[in-house]
Amino acid sequence: MFIRRMIGMIVFLTVFLYCYIDENVEAKEQVLRVAGDDSLPPFSYINEQGKLEGFSIDLFNAIAKAQGMQVEYIPMDLSQSMEVLKSGKIDAVIGMKYTAERDERFDFSEYYFTISESIVVPKDQDEIKYLTDLKGKLVAIQRNHVAFNLLKDVRRVHMNIAENQLDALELLMMGRADAFIGNKWTAQYYLEKHGKETEYKIIDDPIQPADYAVAVQGGNTDLIKEINHGLLTIRANGTYNDIYNKWFNEANSKMLQQMKSIVHLLISILAGAGMILIMGFVWNKRLKKEVMKQTKALKEAYQRLEQSQKEMANQGAFKEQILNNVPNGIVTFDVNWHVTSMNKEAKSVLLTDEEWQNHSIIKEAFQNYVNEREEQISGEVEFTQNGKAYFMYYHLRPLLNINNEKTGFLLIFENRTEEKKLHEKLVIQEKMRAIGQLSAGIAHEIRNPLTSIKTFVELLPIKYDNPSFREAIKEHVPSEINRLNQIIEDLLDYSRPKAPKKELCIVKEWLNSIFILFEPTLRKENIDFSINVDEELTIYADKQQLKQVLVNMILNAIDAMKEQEIKRLKISAFPNEKFTTIQIEDTGRGMTKQEIEKCYDPFFTTKPTGVGLGMTISLKLVKENGGDIEMESLYGKGTTIQIILPRSIEKEGES
Ligand code: ADP
Ligand code: MG
């Protein structure tokens, strides 16, 4: 059922389409012959290529396209086209004005343009303003023009008739007419084309508005229908507007375009100005913010600066206080040894810079600072100033800048005058103590020769005549007296301070002379004592100073052995390369490690009545004599001390 119905429909559609296409092909094959005015720009006119163009032509082409019609255009003037249309040689005339009289002869399509006639006169012409002003004037006009009848009603109008509107206009321009009457658009087109728009004016008083339409032979209603339908279509789809704008609004649209561009430009300028304003505002705001930020930073920096200035001032004051309150004198110099600053203590020694310049400390330091490579030097200097003796210890070092370049010198000195005085006092005290300790021995030493002398003196009256007795007196008394003298000499030497007086001496003899002093004490203390020295062995030193050293060492050994069971003191001397070593060995209490380290320190003692200067003085004296002291000690077992001294004068020079 369904298939049969489908086949039926397809057959019907095929037949219908065939008939329809056939009919249309036939219609398309028909070419419409359309006449258009050849001199009615911009509606229809012959262009430079000799072809008909214009608003009416474009419009009819659009209608023909919409209706699927083929068109052939034939240019001819209005009067001629009306004749030809009547004869049926053409199918239609475009751009014909509708009039009632014409409507009787032809059929008109719907109008496609409303046109009014205008008067064109030279610019300086003031008389003609209205149609009625044409009275007595010569007017150029197209034959068969719609205004023709109007002019007939105006009295005494002379007419110069042309075949078309362009010819009529040319008559006006040639001065063969006072005015032109005709299509306003054509006149405008013509004047612009010939650059005469400034010389003529179109009086804007429209005369008899009328419609332009397409005229066909009377009774050809089919064609009229087609044309009307086409017109409706192109009005509806906007084609009519496009064509209208192309021909009539070009100038307007140009102006509009110009206006638009001006507006665009203005908008751009305004937008730009706005942007600049906004940017300016934003920038201003940012600038303000930045300025505020920078101001804050500056303020903070200023505060920091102020703070650091304060700190620096405080630091300066702090440093100055320290510098002025240290017990040391501090002086700075530039590289030429000119004083650049000094502290209170330095000023207290000498007040002016000049005085400082020539001061003994500086001279001494400068003399000693000969080696430029030396980093720093220290030394002692003694001088008298205003009758007062000074003893100073100084320390000199170069001052360097951050690039390690020498900028001057720093001198620090310590006034050790009082200390030195005290030291000297104590040295004497120490000596006195040693003498005190020795006094028992000394008393014994003196008593022995005195007893022997006394015995001789007592026996003298009785035994004077005995020759052997006299021999004995001769032999013993002088030697006993010499011995007494020697003891007294030695004692005096010991207590009297003396400048070192070096001499070559035989160790054995020298040691024996010291031993004499100790013999009674050693015996009393039950100390096993021995001396072991080569006969010829020598030392080159100050005998008396070295005696002091040895006395101290032996006394220390005796002290150390007081509580010991084994008491043995061994003194020996032997050559050692260029030196002579004198060795003192005891079996005393010995020293701890700490005691060994400290025993040379002034005033270090482990004894209740000790002074602690013996070792200090001993080391100083030995060093002054070009020697050294070495020590080995075992706590609880004993001590060995070696005094190393130059053997001879040459050896000393080599040391
Ligand atoms: P003092 O004898 O007045 O104490 P010294 O300078 O002579 O001063 O000696 C310092 C210290 O060194 C002594 O108190 C002692 O402790 C130690 N000393 C020195 N020699 C010996 C020694 N032979 N045996 C043990 N101790 C010693
Ligand atoms: Mg001592």
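Order of appearance sets the numbers: ligands from 1, and atoms from 1 within every ligand.
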> Any luck finding a side-chain donor-acceptor pair between Asn552 and Ser618 under 3.5 Å?
Replying inline: yes
> In terms of side-chain heavy atoms, does Gln545 have a donor or acceptor partner in Asn625 at a distance below 3.5 Å?
Replying inline: yes
> What is the ring orientation for Phe456 with His476, classed by angle as parallel under 30°, tilted 30 to 60°, or perpendicular over 60°?
Replying inline: parallel
Identify the closest protein heavy atom to [atom]: which residue and atom is it, and at what distance?
{"atom": "atom 10 (C) of ligand 1", "result": "Phe604 O, 3.2 Å"}
{"atom": "atom 15 (C) of ligand 1", "result": "Thr606 OG1, 3.4 Å"}
{"atom": "atom 8 (O) of ligand 1", "result": "Gly612 CA, 3.2 Å"}
{"atom": "atom 26 (N) of ligand 1", "result": "Met591 CG, 3.4 Å"}

> N/O/S of Met615 less than 2.8 Å from the Mg ion (ligand 2)?
Replying inline: no
> Between Glu563 and Arg589, is the closest basic N to carboxylate O distance under 4.0 Å?
Replying inline: no
> Any idea which part of Met615 is under 4.0 Å from ligand 1, heavy-atom wise: side chain, backbone, both or neither?
Replying inline: both
> Quick one: does ligand 1 sit under 4.0 Å from the side chain of Asn552, the backbone, both or neither, non-hydrogen atoms only?
Replying inline: side chain
> Any side-chain heavy atom of Cys599 within less than 4.5 Å of one from Met631?
Replying inline: yes
> Nearest non-hydrogen atom to atom 19 (C) of ligand 1 belongs to which of Ile558, Thr616, Thr605, Asn556?
Replying inline: Asn556
> Between Ile617, Leu619, Asp586, which one has a non-hydrogen atom sitting closest to atom 23 (N) of ligand 1?
Replying inline: Asp586
Which of the numbered atoms in ligand 1 are below 4.0 angstrom from a heavy atom of [X]?
{"X": "Cys599", "answer": "12 (O)"}
{"X": "Ala560", "answer": "24 (N), 25 (C)"}
{"X": "Lys607", "answer": "1 (P), 2 (O), 4 (O), 13 (C), 14 (O)"}

>> Return the CG to CG distance between Asp586 and Leu569, rounded to the nearest 0.5 Å.
In response: 6.5 Å
> Going from NZ on Lys347 to CG on Asn324, what distance comes out if it is rounded to the nearest 0.5 angstrom?
Replying inline: 7.0 Å
>> When you measure from the side chain of Thr640 to the backbone of Glu632, do you find a donor-acceptor pair of N or O atoms at a distance under 3.5 Å?
In response: no
>> I'd like to know whether Glu595 forms a side-chain contact (heavy atoms from CB on, under 4.5 Å) with Thr606, so could you lay out the CA-CA distance, the side-chain angles of the two residues, the decisive distance to 0.1 Å, and finally the verdict.
In response: CA-CA 9 Å; Glu595 285 169 357; Thr606 53; 3.5 Å; yes
>> Looking at ligand 1, would Gly588 count as a contact under a 4.0 Å heavy-atom criterion?
In response: no
